[in-house]
Amino acid sequence: MNRNSGMTRIQLIILVTLVIVIGVFSYPPWAEYRKVTQADINVETLAIAIKKYYKHTQQYPTSLEQLLTNPNSDSRRSAYLKSIPETPWGGNYTLIHDHFKVGIAKDHKRVPEKYRIGGIAEISRVYLMDATEGEQYWW
């Protein structure tokens, strides 16, 4: 048998080390991408529920908790949401009634500032019934 065929232990250790280093450097961007994607999905879900609430009651909710109750409408048998999701960073989403937006509050301590309402990459949705379905702002 040829003794030069295959990997040495040193080569194997170097290969494993490289894989670990690449994994360590890849994790933080992936984790943030995952959180941003989940927050975007949550905000879209909230905006759709608000639009359904408006469609049945002809008024917008004053708080997200109103989406958890049955408005006793003949055409609606259950609540609009089973539960209000938390942001992936922990904490709650907020309604901005002046701009008809649902998103991450400006004063949310754990969310990076750029994803809060008013940030350069804000995660929010307009829930005004005249707005385009799924309209979003990424400043």
Side-chain angles (χ1 to χ4, degrees):
M1 255 199 192
N2 187 355
R3 294 183 65 95
N4 289 329
S5 63
M7 296 176 71
T8 65
R9 286 186 184 138
I10 297 293
Q11 290 171 328
L12 182 62
I13 291 171
I14 290 171
L15 179 64
V16 169
T17 303
L18 283 173
V19 169
I20 290 171
V21 167
I22 290 170
V24 165
F25 285 117
S26 298
Y27 180 75
W30 175 79
E32 181 172 346
Y33 173 77
R34 200 170 138 236
K35 286 180 179 181
V36 168
T37 302
Q38 184 60 51
D40 196 42
I41 291 168
N42 290 347
V43 169
E44 178 71 16
T45 302
L46 291 169
I48 290 170
I50 292 168
K51 287 179 181 183
K52 287 179 181 177
Y53 183 94
Y54 180 83
K55 188 176 180 180
H56 291 107
T57 64
Q58 298 303 309
Q59 59 186 352
Y60 291 110
T62 56
S63 71
L64 292 175
E65 286 74 24
Q66 287 180 300
L67 300 173
L68 299 175
T69 60
N70 184 345
N72 294 328
S73 172
D74 294 337
S75 62
R76 193 82 193 153
R77 294 186 179 168
S78 63
Y80 298 93
L81 292 174
K82 291 182 182 178
S83 65
I84 298 172
E86 285 190 350
T87 68
W89 296 272
N92 300 319
Y93 293 98
T94 188
L95 289 174
I96 307 295
H97 299 288
D98 300 346
H99 301 337
F100 299 97
K101 279 187 183 180
V102 60
I104 299 173
K106 287 182 180 182
D107 60 350
H108 198 298
K109 305 243 186 284
R110 290 186 234 151
V111 178
E113 193 171 332
K114 65 182 177 180
Y115 300 128
R116 300 178 202 167
I117 289 181
I120 60 170
E122 118 182 2
I123 299 172
S124 68
R125 290 286 190 285
V126 173
Y127 59 82
L128 186 62
M129 284 305 287
D130 296 338
T132 306
E133 191 69 35
E135 184 176 348
Q136 63 183 352
Y137 291 109
W138 289 83
W139 300 99

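The list of salt bridge (charged side-chain N to carboxylate O under 4.0 Å, His left out) pairs with a residue in residues 17-27, not counting sequence neighbours, is empty. Residue pairs meeting the salt bridge (charged side-chain N to carboxylate O under 4.0 Å, His left out) criterion with at least one member in residues 19-37, sequence neighbours excluded: Glu32-Lys114.
Side chain of Glu122 to backbone of Gly118: a donor-acceptor contact under 3.5 angstrom is found. Between the side chain of Arg116 and the backbone N or O of Val111, at least one donor-acceptor pair lies under 3.5 Å.
Distance check, rounded to the nearest 0.5 Å: CG of Leu64 to OH of Tyr80 gives 14.0 Å. One finds the OH atom of Tyr53 at 6.0 Å from the OG1 atom of Thr69 (value rounded to the nearest 0.5 Å). The NZ atom of Lys51 lies 8.0 Å from the OH atom of Tyr60; values are rounded to the nearest 0.5 Å. The distance from atom CZ of Arg9 to atom CD1 of Ile13, rounded to the nearest 0.5 Å, is 8.5 Å. Once rounded to the nearest 0.5 Å, the distance linking CD1 of Ile50 with CD of Gln66 reads 10.0 Å. Atoms CG and CG, from Leu67 and Leu81 in turn, are 5.0 Å apart once rounded to the nearest 0.5 Å.
Residues satisfying the salt bridge (charged side-chain N to carboxylate O under 4.0 Å, His left out) criterion with Glu113, sequence neighbours excluded, are absent altogether. Every residue meeting the side chain to side chain donor-acceptor pair (under 3.5 Å) condition with Ser63, not counting sequence neighbours, appears here in chain and number order: Glu65. With sequence neighbours excluded, the residues satisfying side chain to side chain contact (heavy atoms under 4.5 Å, CB included) with Val21 are Thr17, Phe25. Residues satisfying the side chain to side chain contact (heavy atoms under 4.5 Å, CB included) criterion with Tyr27, sequence neighbours excluded, are Trp30, Ala31. Scored by the side chain to side chain contact (heavy atoms under 4.5 Å, CB included) test, Val24 finds Ile20 as partners (sequence neighbours excluded). Applying the side chain to side chain contact (heavy atoms under 4.5 Å, CB included) criterion to Gln58, with sequence neighbours excluded, gives Tyr54.
In the hydrophobic clustering of ILVMFWY residues, with side-chain heavy atoms under 4.5 Å counting as a link, Ile117 and Ile123 come out apart.
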Please tabulate, for the side chains in residues 86-97, all donor-acceptor contacts under 3.5 angstrom to protein atoms that are two or more places apart in sequence or on a different chain.
| residue | atom | partner | partner atom | Å |
| --- | --- | --- | --- | --- |
| Thr87 | OG1 | Gly90 | N | 3.2 |
| Thr87 | OG1 | Gly90 | O | 2.7 |
| Thr87 | OG1 | His108 | NE2 | 3.3 |
| Tyr93 | OH | Asn42 | ND2 | 3.0 |
| His97 | NE2 | Thr62 | O | 3.1 |

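Residue Val19 belongs to no hydrophobic cluster, having no ILVMFWY side-chain heavy atom closer than 4.5 Å to its own. Through side-chain heavy atoms spaced under 4.5 Å, either directly or across other Ile, Leu, Val, Met, Phe, Trp or Tyr residues, Ile10 is tied to Ile14, Leu18.
The two residues Leu46 and Pro85 have their closest heavy-atom pair at CD2-CD, 4.0 Å. Here the closest non-hydrogen pair linking Ser124 and Val43 is C-CG1, 3.6 Å.
Ile84 places a side-chain heavy atom less than 4.5 Å from the side chain of Leu68.
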